[in-house]
Structure formats: C-alpha cells, structure tokens
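Remarks on the structure that follows.
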Amino acid sequence: MKEMRTTYDPREFEDKVYAGWMESGAFSAKIDPDKVPFTVMMPPPNVTGQLHIGHAMDETMQDIVVRFKRMQGYSVLWQPGVDHASLATEHKIVEKLREEGTTKEELGREEFLKRAWAWKEQYGGRIVGQLKKLGSSCDWSRLAFTMDEKCSRAVREAFFRLYEAGLIYRGSRIINWCPDCKTALSDEEVSWSEDAGHFWYFNYPVEGSEEVITIATTRPETMLGDTAVAVNPKDKRYAALVGKTLILPLVGRRIPVVADDYVDPAFGTGAVKITPAHDPNDFEVGLRHKLPMIRILNDDGTVNKEGGEYEGLDRYEARKRIVEDMDALGLLVKVEDHTHNVGHCHRCNATLEPLVSKQWFVSMQTLAKPAIDAVVKNKTKFTPDRFAKIYYNWLENIRDWCISRQLWWGHRIPVWYCEKCGAEIVTPKDDPTVCPHCGCTHLSRDEDCLDTWFSSALWPFSTLGWPEETPEFKYFYPTDVLVTGYDIIPFWVMRMMVSGLRYTKKVPFRDVLIHGLVRDEKGRKMSKSLGNGIDPLEVIEQYGADSLRLALISGVAPGNDTRMSAAKFEAARNFLNKIWNASRFVLMNVKEEEVPADLSAIKLQPSDRWIISRLMTTVREVTLALQKYDLGIAADKVMSFAWDDFCDWYIELSKPALYGTDGERKRQTLGVLLFVLKNTLKLLHPFAPFITEEIWGYLPGAEGMIITAEFPRYNSRLAYREEAKAFEGVIELIKAVRAIKVATACPPAKKVHVYLVAEPAQLVSAKRLVGVNKQSILRLAGASEIEFAESGAAAGDKAVSQVSTIAHIFVPLGELVNLEEERARLQKELERAEGEIARAGGKLANQNFVTKAPKKLVDDERAKLEKFLDMKKKLEAQIASL
RNA sequence: GGAAGUUUAGCUCAGCCGGGAGAGCACCUGCCUUACAAGCAGGGGGUCAUAGGUUCGAUCCCUAUAACUUCCACCA
C-alpha cells in the first residue's frame with residue numbers, strides 16, 4: 001500500500017484526480033431506460049471569458065448537486081457549454097482592431113468574422129480548462145457552443161415560428177443606442193447611474209410676438225430635433241399659448257405648443273421641449289400629436305445633416321456650442337446643477353443615447369402568460385421561493401424585447417428582403433434564393449444580428465437537438481434544476497421559461513436554484529476598477545479547489561450574497577487538512593491488519609454504536625438538506641460530524657484499542673474506523689471531490705472511484721438511539737473531569753483519581769458503561785484511575801465535585817485545591833441550578849402551560865425540574881462539606 | 001414612485017414545523033498528549049433593530065417604525 005504524504009497538499013493530486021475521472025468516463029451521460037435521468041444545463045460562460053469568483057460559486061453549486069445525484073444512482077447529464085456573447089466579444093475584437101489602427105468597417109463583414117472566429121479559437125478553450133480546475137463534473141464530450149450548428153439550427157427555427165405567429169415584428173421605436181458599440185441594446189442591458197449634470201433653461205420665442213416660453217433641458221443638443229413644446233392642459237399659465245407656434249432658435253423651425261397630460265406642471269418650468277426621435281416619453285407625445293420625428297444623431301454620436309451648421313460635431317461638442325450660441329442670442333436664461341439618472345452601456349459604460357430606430361422586436365405579453373402560470377402552478381419552483389415574486393414582477397410588467405443588434409458576431413437575423421417588391425422572407429431552414437411573391441432572385445439579407453440572449457433562451461433544448469426529437473431530447477428534457485444568480489433572472493431565466501413553454505410546451509426546468517453575489521470582505525461588489533476581485537484560479541493555486549468550493553458554500557443561505565476573504569479559504573483548508581490527517585491516522589494503523597470488511601462481523605462497543613448512530617443522523621440530515629438545495633447547511637452538517645464527532649471524539653476514544661494488546665479488538669475498532677471514514681468521505685465528496693477521491697484511492701477495500709460510489713443511505717438498524725444517548729453520558733463525564741482539572745489549575749500532565757457516586761437505580765448501567773470505556777475515559781479525561789464509591793467521602797476532604805448524568809463525580813486534588821475558588825465555582829453551579837429550577841418551576845406553575853402545551857413538553861419540564869432539584873441538593877451538600 | 005431583502009456575539013454569518021440562542025474567525029487560559037500547532041483542551045461574550053399584537057409560550061407569525069442593501073421605473 002502506498003503511503004500518504006504527511007501534509008495535505010492539493011497541488012499534489014488535484015490535476016491527477018481530474019484526469020482519472022475523465023479517463024473513467026464517469027462524467028459521460030448515458031441514456032439508460034432503467035435509470036431516472038437528472039439533467040442540469042450549465043449557464044454558458046462567455047466563450048472568450050475567464051473564470052471569475054461568481055462562476056466558481058455557480059459551478060460549485062451545480063457540481064455538488066450533480067455529484068450527489070450521480071452517487072444516488074441517477075443517470076446524470078450535466079450539459080456544459082459556452083456562449084458567443086455577441087456584444088462582449090465583438091467589443092473586445094473592435095478594441096483590438098483599434099489598437100491595430102483599423103476598424104471593423106474597414107475590414108468588412110467577412111474578414112471581421114474570420115478574425116472573430118480566430119479569436120474564439122484562441123481563447124475559447126481557456127474557460128473550459130478553468131472549469132476543470134474547479135472540479136466540474138460535466139460531460140465534456142457534449143460541450144456546446146451557442147453558435148455551433150445545433151444551436152444555430154434551433155435559433156433559426158425559433159425565429160421562424162415566432163415570425164409566422166406574428167410575434168416578431170419590425171418597427172421604429174426608441175431604443176437605447178450605444179454610440180461606442182454602435183448598436184441597440186435591450187432595456188435590460190442598460191445600467192443606470194446618478195450622474196452630475198446641468199439643467200439649462202432656454203427661451204423659445206412665440207411666433208409673431210414678443211412673448212417667450214421657457215423650457216428646461218438636460219441635453220441641449222437635442223433641441224435640434226425638437227418638433228413641439230408641451231404643457232399640461234390644466235396649467236393656466238400656458239393655456240393661452242396652446243396652439244400657438246414657436247420659432248425654434250438656431251434652427252428656425254416652426255413648432256407648435258401642444259397640451260399633454262404627460263407634463264408635470266410642478267417640475268422645471270412646466271413646459272417641456274419635445275424631441276420625439278430622442279426620448280421615449282417625447283416619442284409617445286409625438287405619436288399622440290402626430291409630430292414629425294427628426295433624428296439628429298449619427299450612429300457614432302455625432303450630429304447628422306439635420307443639425308445644420310452643427311453637423312459633424314460630437315454630441316458633447318454640439319452641446320457646448322449650442323449653449324454658447326443660445327447665450328449669445330440672449331436666450332439662455334440660467335444654468336443649474338442637476339444630478340439625474342443616466343443610462344450607460346453595460347459593456348463599455350458609454351453614455352447611451354435614446355434614439356428612434358428601426359429594429360426587430362418580440363412581443364412579450366402573450367408569451368409571458370404561460371411563463372407566469374407555470375410558476376403559479378408550481379411546475380417550476382424557485383429556491384428560495386421569494387424569487388418567484390421577482391420573476392412575476394418582471395413578467396407582469398414586461399415590454400417588448402428588442403432583439404436586433406447592429407453587430408456582426410452572432411446569429412444573423414434570418415430575414416431576407418426582396419429588392420424588387422420589398423417583401424420580407426423568413427424560412428425555417430434553408431436560405432431563400434427566390435422571392436415567393438414576385439419571383440425575383442435579388443434578395444438581400446438583414447444586416448443585423450440577434451441579441452445573444454435569443455440563443456441563450458433556447459439553451460435547455462437546443463443543446464439536446466431540438467427541433468429534432470432526438471433520443472437525448474426525449475430522455476433528458478425537461479431538465480431538473482437550473483442554478484444561477486438572481487441578477488440573471490430577467491435576462492435568462494425568464495426568457496428560457498418563455499421559450500421552453502412556447503416551443504416544447506413544457507417548462508424547461510423543474511427547479512430554479514438562485515444564489516447571490518460574491519462580494520469582497522467589505523461587502524463591495526467585485527470589480528476591475530476597484531481591483532478587489534478574487535481570482536478563483538489563484539485561490540485554487542494557493543489553497544486547492546476543494547477549499548475554494550467549501551468556502552463558497554459554507555455559511556451561505558440560499559439566495560443571499562456572501563463575503564469572501566482569505567480567512568474563509570484558510571478555514572476550509574484547515575478542515576480538509578483535518579480530514580487528510582484523520583485518514584492518514586486510520587491508514588497508519590491499518591497497515592497489514594486484516595480488517596473486517598463489514599460491520600456484521602464486528603462486535604460493536606458502546607462508543608462504536610455511538611459514532612455509527614451519529615453517522616446515520618448525519619446521513620439523514622445531509623441528504624435532506626441536499627434535496628432541499630440547502631447546500632450550506634448540508635456542508636455544515638458533514639463538516640461538524642467529521643471534525644467534532646469523528647476526529648475529536650471517536651478517533652480519540654479508539655486509541656486505547658488501537659494501541660492495546662487485544663489484536664481482535666484492534667481489528668474490530670479499525671473496521672469501525674474504516675466504515676465511518678468511508679461514509680464520511682462519501683458524504684463529503686460532492687463538496688470536496690478531489691481530496692475525497694484521492695484518499696479513497698488509499699483505502700483498503702474501497703472499490704472503484706468514490707465519484708461513482710453509492711451515496712450513504714440512512715439505515716434505521718444502525719441508528720442505535722438509546723445506546724447513543726447513553727453514551728453521551730460518557731462524553732459528559734470526560735468533559736466534566738477535564739473541566740474540573742482546568743478550573744482547579746491542575747497541570748494537564750498530572751493524572752487524577754476519579755470517584756463516581758451513582759444513584760442506586762443507575763448504578764448497574766453506569767458501572768457497565770464506565771467499565772467498558774474505562775481506558776478511553778482515563779486517556780481522554782487525563783485520569784489515573786476511575787472507580788465507584790459509596791459517597792464523596794472516599795475522595796477525601798479536599799475534593800472537587802461535579803454533577804453529571806451518569807454519576808456524581810469527585811476528584812481529590814489534595815493540596816492543589818484552593819478552597820475559596822472551589823467554593824466560588826460550586827456556588828456558581830448552584831446558582832445555575834437554581835435558575836433552571838426557577839424557570840422550569842415557573843412554567844409548570846402556569847396552569848395554561850400545563851393544560852395547553854403538548855404533553856411531552858410538560859413531561860420534559862417536570863423531568864428537568866427534578867433533575868435540577870437533585871443537582872441542587874448535591875451541590876449544597878458539597879458546599880457544606882468544604 | 002413600485003418591489004424584494006437585511007437588521008442575531010467584537011467581525012462574517014447559520015438558525016427546518018413557534019417550546020431553553022449556534023458556527024467560524026477574533027479574544028482569554030492552559031497544552032509541542034507518537035494523525036493533525038493548518039492542532040488539542042477549557043473559557044468569556046448576545047434585551048435576537050424598535051414598539052405593539054396573536055399565543056400557555058415569539059429570534060421565528062401579524063402590524064407599524066427606523067436604518068441599510070438590491071432590483072425595477074426614469075420628471076424633461
């Protein structure tokens with residue numbers, strides 16, 4: 001047998017262990033009619049992205065669930081994949097081109113796409129390697145890409161179906177435009193921030209009079225596109241002006257004064273300039289009053305030919321010039337500081353321009369209804385369920401989804417236009433060559449791409465081959481659980497639900513497990529600009545992947561944000577070191593011994609039954625917690641069992657047997673140690689897969705790999721309830737003696753003689769329990785001898801005592817005892833007992849409690865009262881004897 | 001303006017069905033006890049944000065208040 005290294009060093013084996021899993025085929029999903037499928041779709045990270053701590057948490061949670069289910073015997077498919085991330089990726093490539101001194105327009109579409117694919121090839125594998133470092137047990141042979149053939153086919157089909165149903169339309173709307181990325185963005189892609197700006201007050205002269213109307217604006221340059229000024233119909237100040245015509249300064253355009261409820265008379269001057277082409281509200285006003293829409297900006301944010309003399313200026317330059325010019329004309333009334341919410345591009349952070357533009361939209365309202373119903377009817381459940389409310393909130397207030405992007409990297413919109421008759425042609429599969437309306441062969445394809453999320457929305461079934469009814473689709477769909485952060489609900493969860501129900505008539509997943517954000521130790525979001533990001537790969541390098549995983553889930557409640565710091569990684573690493581050494585200890589003692597293979601061949605001692613009982617309780621708790629996706633609680637239960645019960649108690653208790661002369665007893669104890677260790681490792685495996693697999697390889701009689709071993713099952717025959725409870729008395733006894741020694745400043749190395757005085761009724765069982773465990777008790781309590789006596793007098797005058805469940809403990813400490821301190825200590829004990837008596841007595845004196853509370857509780861209180869009354873009596877006697 | 005969340009030990013956070021408040025870290029006291037000092041043993045520390053209510057009984061349920069966080073809306 002190989003020897004384990006003396007220290008836990010994850011770098012030593014993690015890569016090797018992962019390679020072993022890959023080789024074994026343990027990750028590969030199989031269609032097995034005899035098994036129940038369990039499917040998880042990995043949220044596809046950006047293909048050229050890098051693993052960050054948020055991914056690490058998301059992946060860890062999925063891997064825990066997947067490994068648990070795999071060990072439970074399900075036929076597991078964890079489908080991995082990567083996303084083309086249209087805007088993010090294109091943005092990076094454009095950046096690179098800029099560094100090279102060129103642009104995508106100069107390159108042209110074809111050449112640009114070549115560069116993009118090359119970029120994807122260069123960085124596409126990076127994230128996959130990083131996921132492997134983390135231990136992700138997904139089926140890599142099925143690695144999907146949102147732009148691969150399968151997914152593209154699904155995108156095409158989905159678009160076709162929606163188009164045919166009239167749910168995709170093309171129209172002019174105000175959209176969020178990023179002048180840097182030169183594309184439209186969906187509402188969800190806008191990030192808002194409070195920016196310091198100004199409020200400029202301008203006078204617009206009334207035609208044919210000396211009168212003026214004062215408006216206020218935060219974006220003076222948009223006045224170039226003004227086609228009206230609006231006031232509230234109830235506003236008496238302006239009533240006379242409604243219907244009059246204004247002369248738009250600098251431009252000279254004649255524009256009307258209109259009355260519209262949209263205007264708040266109390267805000268600003270109560271008169272609003274209306275720029276229908278550059279503001280969503282103004283757009284609505286424009287529609288209501290049939291105002292012209294004049295777009296004044298080019299795609300790059302410069303003023304277009306509508307701007308007259310301002311043409312070609314950047315929007316901010318134009319703003320400056322216009323304010324100066326208005327001032328020169330005496331039409332600038334005043335300037336105020338003003339902070340307001342401004343939309344920014346979530347990719348490049350440029351200030352967005354709302355502008356009117358022709359885009360493709362999906363009408364969401366009819367699609368949203370089934371998605372709401374499915375959650376109402378519990379076909380899909382959110383964990384924690386409060387996120388269902390967030391989900392409803394979104395879907396109930398949904399607006400149409402702008403799906404076209406002025407990008408090249410992505411799924412090109414599958415719409416062709418006939419150059420002759422102008423017909424729109426959409427086909428489900430093959431590209432059209434002839435116009436079905438006029439027979440013309442001059443067709444041109446729409447230049448734009450689809451929003452990345454359009455393909456992501458199909459992920460749960462496009463990866464399984466939909467629209468084909470593949471065996472995979474039939475077996476693995478619908479999927480079981482989707483794990484993602486709450487920030488992705490509107491982008492992704494919602495849209496998958498909508499598309500899943502629309503195309504497959506089924507919910508795409510039965511459970512949605514939502515987690516929070518990983519923050520830094522001060523609770524701040526991690527960001528590049530703050531430089532407070534934690535690189536998961538560095539953590540893996542320093543502490544190992546298992547430590548990272550444990551740190552990410554322990555002590556975290558579902559859906560809550562969590563703070564990460566080196567302290568947490570260290571704590572996790574320390575725990576794993578404990579496991580490593582405990583295993584090493586067991587193995588060191590096994591050596592050449594013939595250890596019984598299973599429990600039935602072992603004559604179990606009280607301590608054996610106690611640890612097995614604790615193991616069973618833990619198995620039940622962990623299984624339950626995992627089924628409820630309470631991963632933090634599950635990890636906590638395994639860890640405290642492993643450390644507190646197994647390491648600190650059972651291993652210590654077992655030492656006398658291991659170091660003793662009774663070979664049979666030694667082998668039997670080793671049998672129990674191995675049994676408990678194996679089960680502990682299995683319980684721990686979903687959380688810390690590497691170390692458990694590595695140790696598994698050293699264990700005698702451990703067959704195969706732990707990754708495919710069966711997850712421990714609760715066995716009621718091994719629960720040993722009564723015996724375990726009785727054994728707790730031994731633990732209490734040991735603790736009591738230890739406490740006495742510390743409290744009396746007895747040197748740890750000095751062994752004490754312990755006398756026990758038991759109640760006659762308990763004497764026999766107490767003697768048996770103490771007798772069987774005598775050597776362990778002596779060792780753990782630091783005692784030289786332990787014996788039963790008639791009374792405390794046996795311990796002599798200067799004895800210290802403690803009341804415990806099994807017996808009243810007396811320890812003679814001779815000259816070491818400081819009588820004053822001992823009296824104070826006992827007095828404190830007495831006060832505690834009296835407090836308990838008062839509490840229990842008070843409760844029992846309450847007639848309402850006695851009659852209305854459950855009988856068991858009342859009985860328990862009575863028992864407690866008696867116990868403490870007895871304790872009080874003994875303590876008083878002890879104090880009196882000092 | 002709408003919605004959700006949080007408030008528990010010095011810090012970070014757990015706490016399932018209402019029935020004596022928990023962990024890790026930090027702190028204090030001892031220990032290099034032949035698996036582990038990344039460790040062992042013992043210990044101190046909490047009006048469970050505030051005020052009401054329901055209940056025999058509330059950290060937990062209800063109402064209100066306060067503080068903080070996040071998402072949505074986006075008055076030019």
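Within every chain, numbering begins at 1; the chains are lettered A, B, ... in the order of the sequence lines, protein sequences first and strands thereafter.
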Are A:K334 and A:E336 within salt-bridge range, i.e. N to O under 4.0 Å?
-> yes
Is A:E652 salt-bridged to A:K655, cutoff N-O under 4.0 Å?
-> yes
Nucleotide of B:C31, B:A73, B:G42 approaching A:R738 most closely (side-chain heavy atoms) | B:G42
Where does B:C17 fall, syn or anti, if syn means a chi angle no more than 90° from 0?
-> syn
Mate of B:U34 across any strand shown (Watson-Crick or G-U wobble, both atom pairs under 3.5 Å) is none
Which part of the nucleic acid, if any, lies within contact of A:N397, taking any heavy atom under 4.0 Å across all strands shown: a base, the sugar-phosphate backbone alone, or nothing?
-> nothing
A:W394 side chain near B:G2 phosphate (N/O to OP1/OP2, under 4.0 Å) = no
A:F575 CZ to B:A23 P: how many Å, rounded?
-> 17 Å
Who is the Watson-Crick or G-U wobble partner of B:A49, with both distances under 3.5 Å?
-> B:U65
Would you classify A:V742 as touching base, sugar-phosphate or nothing, given that sugar-phosphate means primed atoms plus P, OP1 and OP2, and contacts are heavy atoms under 4.0 Å?
-> sugar-phosphate
For A:K381 and A:T383, does a side-chain donor sit closer than 3.5 Å to a side-chain acceptor?
-> no
note: A:E829, atom CD; B:G42, atom C1'; distance rounded to Å ~ 14 Å
CG of A:N560 versus C1' of B:U12: gap in Å, rounded?
-> 13 Å
Select base, sugar-phosphate, or nothing to describe what A:D264 touches, counting heavy atoms under 4.0 Å on all strands.
-> base
Report yes if the distance between the aromatic ring centroids of A:F199 and A:Y201 is under 6.0 Å, otherwise no.
-> yes
Nucleotide paired to B:A9 in any strand shown, Watson-Crick or G-U, under 3.5 Å = none
What does A:A853 touch in the nucleic acid at a heavy-atom separation under 4.0 angstrom: a base, only the sugar-phosphate, or nothing?
-> base
How far, in whole Å, is B:G15 from B:G19 if one measures between their C1' atoms?
-> 15 Å
pair_partner(B:G1), Watson-Crick or wobble, both distances < 3.5 Å, evaluates to B:C72
Which part of the nucleic acid, if any, lies within reach of A:R399 when heavy atoms closer than 4.0 Å are counted: base, sugar-phosphate only, or nothing?
-> sugar-phosphate
Looking at every strand, decide which applies to A:P280 at a 4.0 Å heavy-atom threshold: base, sugar-phosphate, or nothing.
-> nothing
Atom CG of A:N848 to atom C1' of B:C56: distance rounded to whole Å?
-> 5 Å
Assigned partner base of B:U29, Watson-Crick or wobble definition, under 3.5 Å | B:A41
Which word best sums up how the rings of A:H346 and A:F491 line up, parallel for under 30°, tilted for 30 to 60°, or perpendicular for over 60°?
-> parallel
Using purine N1 to pyrimidine N3 plus N6-O4 or O6-N4 for Watson-Crick, or N1-O2 and O6-N3 for G-U wobble, both under 3.5 Å, which nucleotide pairs with B:C60?
-> none
Pairwise P distance, B:A49 and B:A9 [rounded to whole Å] = 9 Å
For A:Y629, which contact category applies under a 4.0 Å heavy-atom criterion: base, sugar-phosphate, or nothing?
-> nothing
Could you check how far CD of A:E861 sits from P of B:C56, rounded to whole Å?
-> 17 Å
How far does the P atom of B:G1 sit from the matching atom of B:C56, given to the nearest Å?
-> 41 Å
P gap between B:A21 and B:C48, integer Å = 10 Å
For B:U54, which nucleotide in any strand shown is its Watson-Crick or wobble partner with both distances under 3.5 Å?
-> none
Residues A:R573, A:D546; criterion salt bridge (charged side-chain N to carboxylate O under 4.0 Å, His left out); working and verdict | CA-CA 8 Å; A:R573 192 266 321 263; A:D546 288 334; over 6 Å; no
